[in-house]
S.K.: 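Questions regarding the structure given below will be posed in turn.
Each chain gets a letter, A, B and so on, in the order the sequences are listed, and its residues count up from 1.
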Number of protein chains: 2
Amino acid sequence: MKMTEKEWQVELGQHLRNLRLRQNLDQREVAKRAPMALNAVKNLESGKGATVESLIKALRVLGREDWLDTLAPRVSISPLQMLKSSAPRQRVSSIRARSHV
Amino acid sequence: MKMTEKEWQVELGQHLRNLRLRQNLDQREVAKRAPMALNAVKNLESGKGATVESLIKALRVLGREDWLDTLAPRVSISPLQMLKSSAPRQRVSSIRARSHV
DNA sequence: AGTATATGGACCAAAATAAGTCTACTAAAA
DNA sequence: TTTTAGTAGACTTATTTTGGTCCATATACT
C-alpha cells in the first residue's frame, strides 16, 4: 500500500491539525500568530496544497520547528570511517550519477 | 538564537541535499524520478521557496516519506485518561480558544 | 432535550509565488 | 586541463496566498 503525494499531504495536514487541537488553538489563532492567512492554515491542514514556508510558520506556532532537523541523515558510518573521508561530498561522483545518460 | 522561517527553509534544504548526496544522486536524477522540474529541486535544496508537494515528492525519491509521520503528536496521556475522553476533538473547546477576544 | 454560537469547510477573485522550460556561467571532480 | 554537477537568470504557466462571504454542524448552554 503506497500512498500518493496527495495522500501524504492530507496525512501531514492531519498531524498539524492534531498538534493544534492538542494546544486548544483554533485556525484563526494559528494564522494570527504565524502570521499567515487563515486560508493558508486551512489549505495546510486539509492537504489542499501549501508552501514549505507555510508549513514552517505553522510548525513554529505549534512549537515543533525542531522536527525539521530530525530529517538530518542518520549517521551510519563508524567513527573509524570518518578518518578516511574527511570532507563531505558536495557533488555526486560521476559514474553512478549518470543514470540518465 | 531563534531562526527565521527562511533559515529553517535553508536548513531543511541542506538536509535534503545531504540525503541526496548520500545516495549519490544528482539533482537531475531526483527531478526525473519524482517526477518534478529540476528547478523545483533546486528551489527546495537552496531554500528559495517550494511547495509541500515538491517536498513530499523529493522525500519519496530519497526514501524518507516515513519522516512525515514522525510529526504525529507524541501520546502523553495516561491509559486511564483514555477511558474518560472517548471521542477525539474535532474543534477546539471554546473558553481557551477565544484568546483573540 | 432543544437552541445558540462560532469553528472549520467550501466557495470566489486578485495578487503573490512556485513550477516548468530554457540558456549561459561557475566551480568541483576526474 | 577536461568534464560536468550545480548555480543563476529570464520567461511563461500553474498554483498558492490573501481577503472576502456563506453555511453546515460540533460544541456549549439553557
Side-chain angles (χ1 to χ4, degrees), chain A residues 5-6 9-10 12-58 61-62 85-101, chain B residues 5-6 9-10 12-14 16-58 60-61 84-101:
Chain A
E5 284 87 17
K6 290 195 175 176
Q9 242 180 309
V10 170
L12 178 61
Q14 286 173 341
H15 290 328
L16 290 167
R17 170 171 232 269
N18 289 338
L19 286 171
R20 173 176 63 78
L21 290 174
R22 231 164 221 261
Q23 301 184 28
N24 210 40
L25 300 171
D26 60 25
Q27 294 178 335
R28 252 182 300 177
E29 185 63 18
V30 171
K32 191 165 139 193
R33 293 189 189 178
M36 64 199 286
L38 176 58
N39 265 339
V41 178
K42 290 180 180 180
N43 284 344
L44 202 47
E45 290 192 3
S46 61
K48 289 192 177 171
T51 59
V52 171
E53 188 181 354
S54 293
L55 170 62
I56 292 176
K57 280 184 178 176
V61 171
L62 300 171
S85 59
S86 53
R89 270 220 172 287
Q90 296 183 7
R91 292 189 182 179
V92 301
S93 52
S94 62
I95 302 298
R96 294 192 55 200
R98 293 202 316 236
S99 56
H100 53 283
V101 176
Chain B
E5 285 89 16
K6 290 195 175 178
Q9 241 180 313
V10 170
L12 178 61
Q14 286 173 341
L16 290 168
R17 162 168 294 190
N18 289 339
L19 287 171
R20 174 175 61 79
L21 291 175
R22 236 166 216 256
Q23 302 184 26
N24 210 40
L25 299 172
D26 59 26
Q27 294 178 336
R28 277 196 199 91
E29 185 63 19
V30 171
K32 190 167 145 193
R33 292 189 190 178
M36 63 198 289
L38 176 59
N39 234 350
V41 178
K42 290 192 281 197
N43 284 344
L44 253 182
E45 290 192 2
S46 61
K48 288 190 177 172
T51 59
V52 171
E53 188 181 354
S54 292
L55 170 62
I56 292 176
K57 281 184 178 177
R60 294 191 74 179
V61 170
K84 287 191 170 183
S85 59
S86 52
R89 270 222 169 288
Q90 297 181 9
R91 294 188 183 176
V92 300
S93 53
S94 63
I95 304 296
R96 296 190 54 198
R98 295 201 313 239
S99 58
H100 52 282
V101 175

S.K.: Do the side chain of A:Q23 and the main chain of A:L62 share a donor and acceptor less than 3.5 angstrom apart?
M.R.: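 Yes; at least one donor-acceptor contact below 3.5 Å.
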S.K.: Measure the CG-CG distance between B:N43 and B:N39 for me, rounded to the nearest 0.5 Å.
M.R.: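 Reported to 0.5 Å precision, the distance equals 5.5 Å.
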S.K.: Distance-only criterion, 3.5 Å: show the donor-acceptor pairs between side-chain atoms of residues 48-56 of chain B and protein atoms not counting sequence neighbours.
M.R.:
unit_1, atom_1, unit_2, atom_2, d
B:T51, OG1, B:S54, N, 3.2
B:T51, OG1, B:S54, OG, 3.1

S.K.: Please find the pair of heavy atoms, one from B:A34 and one from B:K57, that lie closest to each other, and give the distance.
M.R.: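 In terms of heavy atoms, the two residues are closest at CB-CB, 4.0 Å.
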S.K.: Please determine if a side-chain N or O atom of B:Q90 lies less than 4.0 Å away from the OP1 or OP2 oxygen of C:dG9.
M.R.: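 No.
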S.K.: Does D:dT7 have OP1 or OP2 sitting under 4.0 Å from an N or O in the side chain of B:R17?
M.R.: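 For B:R17, the contact criterion (side-chain N or O under 4.0 Å from OP1 or OP2 of D:dT7) is met.
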S.K.: Ignoring hydrogens and geometry, is there a side-chain-to-backbone donor-acceptor pair from B:R33 to B:R60 under 3.5 Å?
M.R.: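 Such a contact is absent between B:R33 side chain and B:R60 backbone.
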S.K.: Please state how far atom CD in B:E45 lies from atom C1' in D:dT7, giving the value in whole angstrom units.
M.R.: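 About 12 Å, once rounded to whole Å.
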S.K.: Give the B/S/- string for nucleotides 18-27 of chain C, one per nucleotide from 5' to 3', where a protein heavy atom under 4.0 Å of the base yields B, of only the sugar-phosphate yields S, and otherwise -.
M.R.: SSBB-----B
S.K.: Nearest whole angstrom, please: distance from the C1' of C:dG9 to the CG of A:D26.
M.R.: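 Rounded to whole Å, this separation is 14 Å.
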S.K.: Within this structure, what is the NZ-to-C1' distance between B:K32 and D:dA5, rounded to whole angstrom?
M.R.: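 Atom NZ in B:K32 sits about 15 Å away from atom C1' in D:dA5.
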S.K.: Would you tell me if any nitrogen or oxygen in the side chain of B:R20 comes within less than 4.0 Å of OP1 or OP2 on D:dG6?
M.R.: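 Checking B:R20 against D:dG6: at least one side-chain N or O falls below 4.0 Å of OP1 or OP2.
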S.K.: How close or far is atom P of D:dT4 from atom CD of B:E29, stated in whole angstroms?
M.R.: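 The distance from CD of B:E29 to P of D:dT4 comes to 16 Å, rounded to the nearest Å.
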S.K.: Do the side chains of B:M36 and B:L44 get nearer than 4.5 Å, heavy atoms only?
M.R.: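 Side-chain contact under 4.5 Å: yes.
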S.K.: Mind calculating the distance between CD (B:Q27) and P (D:dA8) to the nearest angstrom?
M.R.: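 To the nearest whole Å, that distance equals 11 Å.
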